[in-house]
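Heads up, the thing below is written out as structure tokens.
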Amino acid sequence: GPVVAVLLESSRPRLARELLGAAARLARPVGGSVVALNTMPTLDDATASSWGADAIVRLSGSAVEEDVAGALIAWCESAPPWAVLAPGTMWGRDVASRVAARLGAGLTGDAVDLDVRDGRLVGWKPAFGGRLVAAVIATSPVQMATVRPGMLPVPEPREPSDVPVEEIVVRAGGRVHYLDAMREDDVDTLQIARAVVGVGTGVTPDAYPELDPLLAVLGAEMGATRKVTDKGWLPRARQIGITGRSISPLLYVAIGLSGKFNHVVGVRGAGQILAVNRDPDALVFQSADVGIVGDWHEVVPRLVAELLAQRTTERVEA
């Protein structure tokens, strides 16, 4: 039957689970199966099977985008899949765009959800400032999509089974040689955080250590507005909003940010929003469940002290 191929990026296990789970869901209505194109040396076949793979193609050797794309193109040309899903990361977008260009495949970039309509792959994307969601349907024989990390659910693992395994060695093309590689941040950090403290330009980098006690007591990660990441104060992976990430923590604490729509649309899924701003007319208070008007330098220490005191009281009573 039709094959839904999933490209797995090394060192991103959660994203692999999201994509394989989505592929398994998409394969059912078209009577298809899921093939994991696995570049993850730490992911064993049984685990990949439990996450949704019905067959596995192990890709070893070069991890350079150009080289991986070449191997994937050859694999697709030998037996065209119904669809190819790839991670919406810098690496995944690079590989997917090269493959799509070579195959003449329709590619939906940065989808936030996937579906099947009349036997075709549907990619859902935010549009019009995040107010609406547009559906993109490819008409090419091979359909492709990259998916934003953290947007798809992680289904419970199924019972693993013996699945067919193919080995492909990715040969270095010779045009690009990696001398070193690094990631500035993990793209799914904010998606899985239970609490996030978001900062705007009202909090300068030299003052970030002052937020450490709040991050510690909440067990929170730090996010930011686009202006903050544009200045290079925090990595792009920490950007929240239309051009960044949509997150849904239990608690979002907004500090030193104005609260424009382009940012707050990214935290609509938060359980509770607490805003701290010295301007009582700041837009952020329109989106907050709780607002504190004041200088964050004064508010944050008092907030941390109150949280620690409450935690101590709960322990004594227990």
Side-chain angles (χ1 to χ4, degrees), residues 12 14-15 18 87-90 110 112 126 129-130 147-154 182-279 282-292 294-297 299-301 303-304 307:
R12 296 197 190 275
R14 177 185 169 87
L15 186 49
E18 291 180 21
T89 61
M90 292 184 64
D110 283 344
V112 297
V147 183
R148 286 190 186 183
M151 302 306 299
L152 301 178
V154 178
M182 62 170 290
R183 287 207 304 257
E184 68 172 7
D185 207 353
D186 286 319
V187 294
D188 58 353
T189 298
L190 295 184
Q191 268 75 26
I192 63 177
R194 293 174 59 84
V196 173
V197 174
V199 296
T201 53
V203 184
T204 54
D206 59 295
Y208 287 171
E210 296 182 45
L211 296 177
D212 287 345
L214 180 61
L215 295 172
V217 73
L218 294 177
E221 295 288 343
M222 184 180 289
T225 63
R226 177 174 180 172
K227 287 185 177 180
V228 169
T229 59
D230 281 347
K231 291 177 178 290
W233 292 356
L234 283 175
R236 286 288 181 189
R238 299 285 172 150
Q239 181 182 325
I240 300 168
I242 292 176
T243 55
R245 275 146 188 76
S246 296
I247 60 174
S248 52
L250 297 177
L251 173 66
Y252 180 68
V253 183
I255 298 178
L257 57 87
S258 62
K260 293 181 180 178
F261 176 80
N262 286 0
H263 175 74
V264 297
V265 70
V267 295
R268 287 186 301 183
Q272 296 288 321
I273 298 177
L274 166 65
V276 179
N277 198 299
R278 65 170 64 192
D279 180 6
L283 290 174
V284 69
F285 290 126
Q286 298 179 15
S287 304
D289 298 289
V290 178
I292 300 177
D295 187 332
W296 73 265
H297 294 280
V299 172
V300 168
L303 181 60
V304 170
L307 290 170

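Quantities reported herein were computed from a predicted structural model and do not represent experimental measurements. Only this structure's heavy atoms are used, side chains among them; waters, hydrogens and symmetry mates stay out. Throughout, numbering of the chain's residues begins at 1 and tracks the sequence.
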- Item | Derivation of the side chain to side chain contact (heavy atoms under 4.5 Å, CB included) call for T225 and V199 | CA-CA 7 Å; T225 63; V199 296; over 6 Å; no

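- Partners of D230 according to the salt bridge (charged side-chain N to carboxylate O under 4.0 Å, His left out) rule, which considers only residues two or more places apart in sequence or in another chain, are R226, R236.
- Among residues two or more places apart in sequence or in another chain, the side chain to side chain donor-acceptor pair (under 3.5 Å) test is passed with R194 by none.
- Counting only residues at least two apart or on different chains, the side-chain hydrogen bond (donor to acceptor under 3.5 Å, both in side chains) pairs with a member in residues 202-219 are T204-D206, E210-H297.
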- Give the intermediate values and the outcome of side chain to side chain contact (heavy atoms under 4.5 Å, CB included) for residues V300 and V276. CA-CA 9 Å; V300 168; V276 179; 5.7 Å; no

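- With sequence neighbours left out, D289 forms a salt bridge (charged side-chain N to carboxylate O under 4.0 Å, His left out) with no residue at all.
- Pairing each heavy atom of V196 with each of A220, the nearest pair is N-CB, 4.1 Å.
- With sequence neighbours excluded, the residues forming a side-chain contact (heavy atoms from CB on, under 4.5 Å) with A282 are N277, D279, V284, F285, listed by chain and number.
- Considering every non-hydrogen atom in both T89 and P149, the closest pair reads CG2-CG, 4.2 Å.
- In this structure, the side chains of T189 and R238 come closer than 4.5 Å at one or more pairs of heavy atoms.
- The shortest non-hydrogen separation linking G223 to I240 is CA-CD1, 3.9 Å.
- Counting heavy atoms from C-beta outward, S258 and L283 have side chains that stay 4.5 Å or more apart.
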- Item | Criterion side chain to side chain contact (heavy atoms under 4.5 Å, CB included) on V203 and L257, from CA distance to verdict | CA-CA 8 Å; V203 184; L257 57 87; over 6 Å; no

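- Residues I242 and V265 approach most closely at CG1-CG1, 3.4 Å, considering heavy atoms.
- Listed by chain and number, the residues in a side chain to side chain donor-acceptor pair (under 3.5 Å) with Q191 amount to none (sequence neighbours excluded).
- Residues passing the salt bridge (charged side-chain N to carboxylate O under 4.0 Å, His left out) test with R14 are E18, sequence neighbours excluded.
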Under 3.5 Å, side-chain donor or acceptor atoms of residues 243-255 against the rest of the protein: list the pairs with distances, not counting sequence neighbours.
unit_1, atom_1, unit_2, atom_2, d
T243, OG1, Q239, NE2, 2.7
R245, NE, V187, O, 3.3
Y252, OH, H263, NE2, 2.7

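- Inter-residue side-chain proximity for L274 and L303 is flagged as met; some heavy-atom pair is nearer than 4.5 Å.
- Here the straight-line distance linking atom CE of M222 with atom CG of L190 works out to 11.0 Å at 0.5 Å rounding.
- Taking all atoms of both residues into account, the shortest heavy-atom contact from A195 to L218 is CB-O, 3.9 Å.
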